[in-house]
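None of the values given here were measured: they were computed from a predicted structure. Per chain, numbering begins at 1; letters A, B, ... match sequence-line order.
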Number of protein chains: 2
Amino acid sequence: MFDDFLRKKALKVTRERTALFDEIFSTHRHFDAEDLVIRMRDRGTKVSRATIYRTLELLHGCGLVGRVRLNEEKYRYERLRKGEHHDHLVCSSCGKVIEFVDAAIEKRQEAVCKEYEFLATSHSHQISGVCSGCRKAAGKTPGRVPGAA
Amino acid sequence: MFDDFLRKKALKVTRERTALFDEIFSTHRHFDAEDLVIRMRDRGTKVSRATIYRTLELLHGCGLVGRVRLNEEKYRYERLRKGEHHDHLVCSSCGKVIEFVDAAIEKRQEAVCKEYEFLATSHSHQISGVCSGCRKAAGKTPGRVPGAA
DNA sequence: CTTATTGCAAACCGTTTGCAATGAG
DNA sequence: CTCATTGCAAACGGTTTGCAATAAG
């Protein structure tokens with residue numbers, strides 16, 4: 001599908017782009033650019049950081065990959081499936097990201113936009129806190145992840 | 001009130017901190033660090049960028065000022081009044097920020113957290129799109145603000 | 001006096017970009 | 001062949017920090 005997008009735009013299907021797409025779509029995980037640098041290295045495919053950023057931009061532009069700032073300095077990416085949408089619970093202790101969907105919230109958002117005559121194009125909704133795992137482990141050296149908020 | 005916080009922590013009430021607090025609390029506007037640099041200069045009080053950042057950190061830490069990344073590279077700050085909370089509609093054309101509160105959404109969030117046994121400490125909810133002003137002005141060179149997304 | 005705070009400039013960190021070399025079509 | 005793409009390293013933009021000078025308590 002990325003290929004279709006590229007061809008339609010007369011862009012080139014390169015080894016790097018294909019490899020990145022494959023790697024990203026091989027899991028459902030959320031990731032940041034640096035994770036991808038490492039995953040590509042581990043996988044044995046060398047791709048420069050610049051290309052990673054440029055490709056993520058393309059994937060984001062065509063709607064295949066979502067990009068959000070969860071109140072951090074860096075972007076977080078996730079593969080997207082069309083028509084699907086969800087919000088996030090972010091654990092500030094271990095960095096875990098839980099996805100949730102709530103129809104009532106979505107509906108209320110539409111109402112709010114209508115009220116302000118606001119034409120929404122996207123939204124991001126994140127709840128920060130401590131996940132159940134870390135709450136249980138409280139006191140027993142919670143698993144602080146390197147980059148967690 | 002900032003003074004109380006400082007004294008309680010055995011920190012010093014300096015000319016710079018007082019001036020920054022006064023300036024920030026003189027309006028309700030949202031602002032970024034750079035706005036503050038300019039507002040302080042205009043006001044005739046010279047304060048270094050470093051001190052601005054350090055003071056914002058303090059104000060944020062004690063809950064007097066909120067800090068969010070509205071999917072941009074920089075932080076956005078806003079004065080907070082205790083017990084008060086709101087979410088944001090951000091116009092990607094003119095940069096305007098509209099605040100909104102919706103009890104139903106807040107309630108649903110609590111339900112979601114309960115479901116995942118997640119202990120929420122904060123949340124940020126932003127809807128991006130085009131405000132009514134820009135929608136009306138559409139076609140007539142919308143007022144793109146320098147830093148708008 | 002003592003210790004926190006300030007301003008400066010340099011460091012930082014993630015991301016973006018100019019440019020020459022490379023490779024897809 | 002031609003033009004997009006790549007990798008590198010340097011640039012960027014906002015934020016943070018080490019340090020010597022300064023000022024609050």
Side-chain angles (χ1 to χ4, degrees), chain A residues 2-21 23 30-41 45-62 65-77 95 145-149, chain B residues 2-21 23 30-38 40-41 44-62 65-77 95 145-149:
Chain A
F2 186 27
D3 292 13
D4 297 350
F5 169 80
L6 292 174
R7 295 212 185 79
K8 212 166 297 171
K9 291 259 188 177
L11 297 175
K12 292 174 178 171
V13 178
T14 64
R15 198 185 58 80
E16 291 81 355
R17 287 177 179 167
T18 304
L20 281 165
F21 177 83
E23 180 56 36
H30 287 243
F31 59 92
D32 57 38
E34 195 55 29
D35 291 337
L36 212 42
V37 170
I38 296 165
R39 282 163 65 185
M40 293 310 281
R41 183 188 306 137
T45 323
K46 69 179 178 27
V47 191
S48 72
R49 219 171 294 265
T51 296
I52 288 183
Y53 279 107
R54 289 190 273 233
T55 305
L56 282 170
E57 176 67 35
L58 284 175
L59 287 164
H60 177 237
C62 72
V65 162
R67 180 173 70 178
V68 247
R69 292 244 201 203
L70 304 177
N71 264 337
E72 303 172 308
E73 63 291 348
K74 68 190 172 197
Y75 283 115
R76 231 162 235 282
Y77 301 85
V145 127
Chain B
F2 187 27
D3 292 14
D4 296 350
F5 169 80
L6 292 174
R7 293 210 187 81
K8 212 165 298 173
K9 291 258 190 180
L11 297 175
K12 292 174 178 173
V13 177
T14 64
R15 199 185 57 79
E16 291 81 355
R17 288 176 178 167
T18 304
L20 281 166
F21 176 84
E23 181 56 37
H30 287 241
F31 59 93
D32 57 38
E34 194 56 30
D35 291 337
L36 212 42
V37 170
I38 295 165
M40 293 309 282
R41 183 187 307 137
T45 320
K46 72 177 173 32
V47 190
S48 72
R49 219 171 295 265
T51 296
I52 288 183
Y53 279 107
R54 289 189 274 233
T55 305
L56 282 171
E57 176 66 36
L58 284 174
L59 286 163
H60 177 238
C62 73
V65 162
R67 179 174 70 178
V68 247
R69 293 246 197 200
L70 304 177
N71 263 339
E72 303 172 307
E73 62 292 349
K74 67 190 174 199
Y75 282 116
R76 232 162 235 281
Y77 301 86
V145 126

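- Contacts of A:E34 with the nucleic acid, taken as non-hydrogen atoms under 4.0 Å apart, are absent.
- If you take CG of B:L58 and P of C:dT6, they are 9 Å apart, rounded to a whole angstrom.
- Side-chain contact between A:T45 and A:R15: present, with at least one pair of heavy atoms (C-beta onward) separated by less than 4.5 Å.
- Formation of a donor-acceptor pair under 3.5 Å by the A:R76 side chain with backbone atoms of A:H30 is not found in this model.
- Remark on the helix from C:dC1-D:dG25 to C:dG25-D:dC1: inter-end axis angle 30°, axes from five-pair C1' superpositions, rounded to 10°.
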Summary of protein contacts for nucleotides 19-25 of chain D, nucleotide by nucleotide, where a base hit scores B, a sugar-phosphate-only hit scores S (4.0 Å, heavy atoms): -----BS

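- The main-chain N or O of B:V68 is never found under 3.5 Å from a side-chain atom of A:N71 such that the two would form a donor-acceptor pair.
- For A:S48, taking side-chain heavy atoms from C-beta onward, the closest of the listed nucleotides C:dT15, C:dT6, D:dG7 is D:dG7.
- Residue B:Y53 places no side-chain N or O under 4.0 Å from the OP1 or OP2 atom of D:dT16.
- Whole-Å rounding puts the B:Y77 OH to D:dG14 P distance at 12 Å.
- Summarising the geometry, the separation between CG on B:D35 and P on D:dT15 is reported as 11 Å, rounded to the nearest angstrom.
- One finds a salt bridge joining B:E34 and B:R49 here, because a Lys/Arg side-chain nitrogen approaches an Asp/Glu carboxylate oxygen to under 4.0 Å.
- Using a 4.0 Å heavy-atom criterion, one finds that A:K46 contacts the sugar-phosphate atoms exclusively.
- We find that CG of B:L6 is positioned 11 Å from C1' of C:dT5, with the value rounded to whole Å.
- Contact of the A:D32 side chain with the A:E72 side chain is not registered, since no non-hydrogen atoms from C-beta on lie closer than 4.5 Å.
- Using a 4.5 Å heavy-atom cutoff, the side chains of A:L56 and A:R67 are not in contact.
- Residue-level contact check: B:E57 touches neither bases nor backbone, having no heavy atom under 4.0 Å from any strand.
- In this structure, the nucleotide among C:dT6, D:dT15, C:dC8 sitting nearest to the side chain of B:A50 is C:dC8.
- Residue contacts shown for B:A10 are absent, as no nucleic acid heavy atom lies under 4.0 Å away.
- Side-chain atoms of A:F2 and A:L58, non-hydrogen and from C-beta on, do get closer than 4.5 Å to each other.
- Ion pairing of A:E73 with B:R69 is absent here, as no side-chain N (NZ or NE/NH1/NH2) approaches a carboxylate O to less than 4.0 Å.
- The nearest whole Å value for the distance from the CD1 atom in B:I52 to the P atom in C:dT5 is 17 Å.
- Residues B:T55 and B:V47 have side chains not in contact (no heavy-atom distance under 4.5 Å, counting atoms from C-beta outward).
- Counting heavy atoms from C-beta outward, B:Y75 and B:H60 have side chains that stay 4.5 Å or more apart.
- One interatomic measurement links the two molecules: CG of A:N71 to P of D:dT15, which rounds to 12 Å at whole-angstrom precision.
- Side-chain proximity of B:K74 to the nucleotides D:dG14, D:dT6, C:dG7 is greatest for D:dG14.
- Of the side-chain N and O atoms in B:R17, one or more sit less than 4.0 angstrom from OP1 or OP2 of C:dT5.
- Counting to the nearest Å, the P atom of D:dT15 and the CZ atom of B:F31 are 12 Å from each other.
- Remark: C1' of C:dA4 and NZ of B:K8 are 19 Å apart, rounded to the nearest angstrom.
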